[in-house]
Amino acid sequence: MTLIDKTFAPADFEQRWYAHWETSGAFRPARPDAKPYTIIIPPPNVTGSLHLGHALDNTLQDVLIRYHRLKGLDARWVVGTDHAGIATQMVVERQLAESSQGTTRQAMGRDAFVDTVWEWKAVSGGQITQQLRRLGASCDWANERFTMDDGFNKAVTRVFVQLYNEGLLYRDKRLVNWDPKFKTAISDLEVEYREIDGHLWHFRYPLEDGSGFIAIATTRPETILGDGAVAVNPDDPKMAHYVGKRCRLPLVDRLIPIITDPYVEADFGSGAVKITAAHDFNDFEVYKRHPEAAIPLINLMNPDATMSDACPPDYRGLTREAARAKVIADFDALGLLDKVEPHKHQVPYGDRSGVVIEPYLTDQWYVNAAELAKPALAAVRSGETQFVPKTWEKTYFNWMENIQPWCVSRQLWWGHRIPAWYGRDPKAWTEESRISGTSSRHEDTYFVALTEFDARRQAARAYAKSIDQIVVLDSYDMVWDRSLRGIDPEGTEFLFRDEDVLDTWFSSALWPFATLGWPVENAVTPAKAGAHRANDGAGDDGVEMGSRLRGGDDNKGANDAAEPILKPGDPGYDLARHYPGDVLVTGFDIIFFWVARMMMQGEHFMDGVAPFKTVYCHGLVRDAKGAKMSKSKGNTVDPLVLVDKYGADALRFTLTAMESQGRDIKLDEKRVEGYRNFATKLWNAARFCQSNGIAGGGALPEATHAVNRWIIGEVAATARALDTAMAAFRFDTFADTIYQFVWNRFCDWYLELTKPLLAEGADAATAAETRAVTGWALDRILVMLHPVMPFLTEELWHKLGSREHDLIVAEWPDADAIPTDAAASADIDWLIGLVTEVRSARNEINVPVGTKLGFSVEGAGDLTDRRLAANREALERLARIVPMAGAPLDRGRVQLVYGDATYSLPLEGVIDLAAERTRLTKSAEAAEKEAASLAGRLASPGFVEKAKPEAIDKARADHAARSAEAERLRAALARLG
RNA sequence: GGGCGCGUAGCUCAGCGGUAGAGCACUGCCUUCACACGGCAGGGGCCACAGGUUCAAACCCUGUCGCGCCCACCA
């Protein structure tokens, strides 16, 4: 217990407290006998740095974690980082290019490059986790994970192999979204469509029989070189005479059929569509629908989107843009370019590379997402997992119901290498297939295995060899190395491992269980826990895996005893106790990328138990004007700059207060400043208390004084309101509630009203009681504010008393256990109202603040008389009025009507009669208007018949009160003369 | 082309069936012994528009007009 400094300087103590919490183990789950509460962090990119989106996401999580920790639950915030395949590889490659050597990953070779990425991760990988600490995030750092640590790698491989063995993961040759910059496949989700002002070119293809031409229209002339057919709508009479004929593809001189397909719209373009099966998703579907037409798949491009050797010689090696220009020019030269029209259309771009995506025919690994989606959909439909706000469920359903196969292989080096080994296959192992790089490798023989040894064992069986005769080569290329082939051409079979890695989201999808030690042998299966949970019914969160794990000693149910007893540290304990997570907090923008995939994998690998009970989706953080923050726009705000300037608590409070469901956050620095002021306010209030001999840590005494009984009741009401807000994930309400209580109740009224009780010469017993109650209330404030402002509250907690434990593990107030006194509350509310009325009247009539006025009362009932007597001192000090002996004066007075009485405040000299008349008239009219409205309601037959009885009673009472008030105001006006 | 969301005080947003609210900004007064990062008081709103349901609508329904986002194969 030390003196509180005069100035509030958060930088003085924030980092000190964080270090203390972390080293003391406060972030670790330490209550094995309590119900667990688990949040799994959305893992930030390992090499990233904190932006406001992270700040929001993690503040909300920390509020939840700290609140539930205070509630006595065994809180655990599982933390770690993501290797972020394409993003990280991109950064390192750029650094290599910019470095003094100016090298590329290709020049370095795979192993050296991957080593470099690991080195870079070692250097910059701790940045974001340190930044999360600055924010105050109470993560369980002792068990920090990484998506490429040993355990996680094991999980990823296990999932891949199992899905493959179950037929849910397969290799397929089809069109993918190909990024020519990174030379890798990407998923549908990584493509963003931009509308561009393009052109629609109309070309003519001569008919084989010389009877004329058929016109086609296209936005992509360069793909003409790969056309395998022309299609028209079957019901288009204008086109009927073409059907069944063939035309000659100019420039290539290939005969191609004219076919019908309903996909063609008769009234668009020329009414005929060129079919380029290997370069257009629609055309590929046409190809599959028309095997009889024998449409060829011609791969026109190299992986970098230059034109391939499948093109006529003049085109080979050209960029796609150059090839387009040349095709147009060549058609024009032949007189076959009909026209060009401007045409707005959508063009796919890679979300990371920013280049135009090419539909490209390759072999890739796919996950049967439609199958995995079924239980994931059911989990949300049944309410096992709930989205908050609920509106996002529709988005989830819509996407999951129309889900496409998920391409999970990436032609990158940074990531989880695909656990598949190819053997040699007579069909595929030709010089030709090697050169094109686009062979039908899906027809190869391959072995999917957990380990290389297992792959060799499978190969040995397949080739009828001994395992020693199976040699794994480092790469595909080595197979063609003559010296290697010479090793033992007779007896040896070669395998080489798939060169590709997995989509980052493939591993992210396992985050909720792989972080908890999955796969674990001999573990408790959560399936049982899930079944129990389902039976318990919604709303009963009393039975959890945690309670079961300690052997049913809480007597929640007889079946508990049947469950295996696991202790902390046992294999499988973490998984059984912390899966599924209670809440996932994340941005709505990654529902598809991540949430949906976690739901699918969680359902599949955790025996049908969804990974979370609640998915809380928040909005995006935008700048003060509502623009999306981006580095290129230069409108980003560094959260740490705000932390330095205003303190982490102020930033946290701002983000919490502004988080209302279903809306993006427009962050204005003024708000942060305002909440810093709030922190200062509390700081000063605590300093004031301390200087008055008030300390924390004491028990709540039996209070006799009304103002003390009142504040106790206010604490209870606040705690209750906070509980309600948190249960509904209303972060804004939570912040507002504690803000209003601290500032507008505790500081503005309670501390002011109790000043005389603590003053020299005051009654000793009352002073002691008041000190105890104030100390108790201030302690409750610190606890209730702690989830949002952890640093400030912990600092004050220790400054205000010597404590048995830190605030972070204190006990949240139980609203129901706090005594409340309705009469005392009504008394103080009455006093506050009267003081406010008097101040308002004085102000409007321009009575100097310092002037003390006498006052007389008419019409006061017993209750009012008693209250006036009891609060004589407060009225004198706060309203600056003192009771006046004798009959009220008739002239020169200010009158106000409050409750059942009319108060007159005589003024020396002349008062501004006009101003007073205006004031009273305004009040009278307001009361009359309201009385009239209430009267109208009471007079309408529908209201009396249909409204709730309470509503009717309240309307009657209000009407009576307001009518009386209006009457007395009119009387006061009349007396004014 | 579908779907979702939003239009409430100058600004940012709560409220979502029973007398229009908060923070900031603004105005006046106050350096009163916790706090000027403060205190007290105040001004300011046909709750986008038009219909409808209801005893009662900012709130529910329909439509219109603006703004934003997501999904979708018109070459």
Side-chain angles (χ1 to χ4, degrees), chain A residues 4 6-8 193 200-201 216-220 223 231 263-265 267-276 280-286 343 345-346 389 391-392 394-395 398-399 402 588-589 591-592 619-620 624-626 646 650 654 657-658 660 662-668 670-671 673-692 730 732-733 736 739-740 747-748 751-752 755 835-836 839-844 846-850 877-878 926 929-934 936-948 951 954-955 958 962:
Chain A
I4 298 172
K6 188 160 168 50
T7 53
F8 163 61
Y193 287 87
L200 191 59
W201 285 272
I216 59 96
T218 182
T219 55
R220 301 207 54 200
T223 64
Y263 141 69
V264 182
E265 301 214 2
D267 51 4
F268 183 84
S270 64
V273 181
K274 64 194 251 347
I275 301 300
T276 319
D280 184 283
F281 288 101
N282 292 313
D283 294 1
F284 189 69
E285 295 304 311
V286 173
H343 180 60
H345 59 116
Q346 304 274 320
T391 174
W392 292 112
K394 285 180 214 145
T395 307
N398 185 51
W399 190 68
N402 299 293
F588 65 82
D589 51 326
I591 291 175
F592 302 148
L620 269 34
K625 294 186 192 113
Y646 303 105
T654 307
M658 296 190 74
S660 51
R663 230 186 230 265
D664 286 348
I665 290 180
K666 291 179 197 163
L667 190 76
D668 186 344
K670 298 288 285 182
R671 286 295 285 264
E673 190 186 332
Y675 290 122
R676 187 273 320 268
N677 295 351
F678 171 67
T680 307
K681 182 77 180 179
L682 177 61
W683 181 269
N684 282 307
R687 199 158 63 88
F688 168 77
C689 289
Q690 191 179 50
S691 71
N692 277 281
R730 287 309 302 250
D732 53 349
T733 307
D736 285 348
Y739 182 100
Q740 299 294 341
C747 291
D748 286 352
L751 292 184
E752 293 303 328
K755 275 176 182 173
V835 169
T836 305
R839 282 170 169 172
S840 178
R842 292 175 56 115
N843 240 297
E844 283 183 45
N846 291 318
V847 178
V849 176
R877 196 165 44 84
L878 301 178
K929 188 182 159 203
E930 203 183 313
S933 150
L934 288 161
R937 194 188 304 171
L938 287 163
S940 93
F943 179 72
V944 187
E945 285 161 25
K946 297 172 194 169
K948 287 182 216 150
K954 186 176 184 312
D958 286 353
R962 299 301 268 158

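Everything numeric in this text was worked out from a predicted model, so none of it was measured. Letters A, B, ... are given to chains in the order of the sequence lines, protein chains preceding strands, and every chain is numbered from 1.
- Arg842(A) has its CZ atom 13 Å from the P atom of C30(B), to the nearest Å.
- Rounded to an integer number of Å, the gap from CG of Asp732(A) to P of A14(B) is 7 Å.
- When side chains are defined from C-beta on, Asp280(A) does not count as touching Lys274(A), because their heavy atoms never get closer than 4.5 Å.
- We find that CG of Asp283(A) is positioned 12 Å from C1' of C74(B), with the value rounded to whole Å.
- Between Arg839(A) and G42(B) there is no side-chain polar atom (N or O) within less than 4.0 angstrom of OP1 or OP2.
- For Asp748(A) and U32(B), the CG to P distance is 18 Å, given to the nearest whole Å.
- Note on Thr836(A): every side-chain N or O is 4.0 Å or more away from OP1 and OP2 of C40(B).
- Taking side-chain N and O atoms only, Ser660(A) has a distance below 4.0 Å to OP1 or OP2 of A14(B).
- The side chain of Ser940(A) has C55(B) as its nearest neighbour among A75(B), C71(B), C55(B).
- Counting any heavy atom pair closer than 4.0 Å across all strands shown, Arg937(A) reaches a base atom.
- The phosphate of G38(B) has OP1 or OP2 within less than 4.0 Å of a side-chain N or O from Asn677(A).
- Between the CZ atom of Phe588(A) and the OG1 atom of Thr391(A) there is a distance of 11.0 Å, given to the nearest 0.5 Å.
- Within the 4.0 angstrom heavy-atom criterion, base atoms lie near Phe268(A).
- Both the sub-6.0 Å distance and the 45° axial angle are satisfied by Arg937(A) relative to the ring of Phe943(A).
- At a cut-off of 3.5 angstrom, the base of A34(B) holds at least one donor-acceptor pair with the side chain of Glu752(A).
- Ala272(A) comes within 4.0 angstrom of nothing in the nucleic acid, heavy atoms only.
- Comparing Asp664(A) and Lys670(A) by the nucleotide of RNA chain B that holds the closest heavy atom to each, the one mapping nearer the 5' end is Asp664(A).
- When atom types are taken as modelled, the side chain of Arg663(A) and the backbone of Gly619(A) share no donor-acceptor pair closer than 3.5 angstrom.
- Checked against A22(B), G42(B), C71(B), the side chain of Asn398(A) finds its nearest nucleotide in C71(B).
- Listed for the Glu752(A) side chain is no donor-acceptor partner under 3.5 Å among the backbone atoms of Leu878(A).
- Separation of the P atoms belonging to A20(B) and G44(B) is 15 Å when rounded to the nearest angstrom.
- Between the CG atom of Asn402(A) and the P atom of C71(B) there is a distance of 13 Å, given to the nearest Å.
- Within 3.5 Å, a donor on the side chain of Arg676(A) pairs with an acceptor on the base of C37(B), or the reverse.
- Nucleic acid contact class of Arg877(A) (heavy atoms, under 4.0 Å, all strands): none.
- Of the C1' atoms belonging to G2(B) and U8(B), the separation is 30 Å, rounded to the nearest Å.
- Among the nucleotides A75(B), C4(B), G18(B), the one closest to the side chain of His343(A) is A75(B).
- Between Thr680(A) and Asn684(A) the shortest side-chain heavy-atom distance falls below 4.5 Å.
- Separating the C1' atom of A14(B) from that of G21(B) is a span of 7 Å, rounded to the nearest Å.
- C11(B) and C47(B) are spaced 16 Å apart, taking the P atom of each and rounding to whole Å.
- A salt bridge links Arg730(A) with Asp732(A); the closest basic N to acidic carboxylate O contact falls under 4.0 Å.
- Contact annotation for Cys747(A): base contact, defined as any heavy-atom pair under 4.0 Å involving a base atom.
- With rounding to whole Å, Lys681(A) atom NZ is found 6 Å from C35(B) atom C1'.
- Between Lys755(A) and U32(B) there is no side-chain N or O to OP1 or OP2 distance below 4.0 Å.
- For Leu751(A), counting side-chain heavy atoms from C-beta on, the closest listed nucleotide (G42(B), C74(B), A34(B)) is A34(B).
- Using a 4.0 Å heavy-atom distance criterion, Val944(A) is classed as making no nucleic acid contact.
- Rounded to the nearest Å, the gap between the P atom of C13(B) and that of G51(B) is 30 Å.
- Looking only at side-chain heavy atoms (C-beta outward), Trp683(A) and Thr7(A) stay at 4.5 Å or farther from each other.
- Counting to the nearest Å, the C1' atom of C69(B) and the CZ atom of Arg663(A) are 14 Å from each other.
- For G23(B) and G63(B), the P atoms lie 38 Å apart once the distance is rounded to whole Å.
- Side-chain contact between Ile4(A) and Ser691(A) is absent, with no heavy-atom pair separated by less than 4.5 Å.
- Annotation: cation-pi geometry not satisfied between Lys681(A) and Tyr739(A) (NZ/CZ under 6.0 angstrom from ring centroid, within 45° of ring axis).
- Closest to the Asn843(A) side chain, of the nucleotides A41(B), G23(B), C4(B), is A41(B).
- Nearest-nucleotide positions on RNA chain B place Arg730(A) closer to the 5' end than the other of Arg687(A) and Arg730(A).
- Contact annotation for Thr218(A): backbone-only contact, meaning every heavy-atom pair under 4.0 Å involves sugar-phosphate atoms and none involves a base.
- The base of C55(B) is not paired with the side chain of Lys946(A) by any donor and acceptor separated by under 3.5 Å.
- A distance of about 44 Å separates the P atoms of C35(B) and A48(B), rounded to the whole Å.
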Is there a side-chain contact (heavy atoms from CB on, under 4.5 Å) between Thr654(A) and Arg676(A) once you walk through the steps?
CA-CA 9 Å; Thr654(A) 307; Arg676(A) 187 273 320 268; over 6 Å; no
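- Comparing the C1' positions of G18(B) and C26(B) gives an interatomic distance of 33 Å, to the nearest angstrom.
- Residue contacts for Ala951(A): at a heavy-atom cut-off of 4.0 Å it reaches no nucleic acid atom on any strand shown.
- In this structure, Arg671(A) places its CZ atom 11 Å from C1' of C11(B), rounding to the nearest Å.
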For Watson-Crick and G-U wobble pairs within 3.5 Å on both distances, what is RNA chain B written in dot-bracket notation, | included for inter-strand pairing?
((((((((.[[[[.)..(..]]]].(((((.......))))).....[[[[[..)....]]]]])))))))....
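- Listed candidates were A22(B), G5(B), C55(B). Nearest to the side chain of Lys394(A) is G5(B).
- Among the protein residues, Lys6(A) comes within range of the sugar-phosphate backbone only, with heavy atoms under 4.0 Å from sugar or phosphate atoms but none that close to a base.
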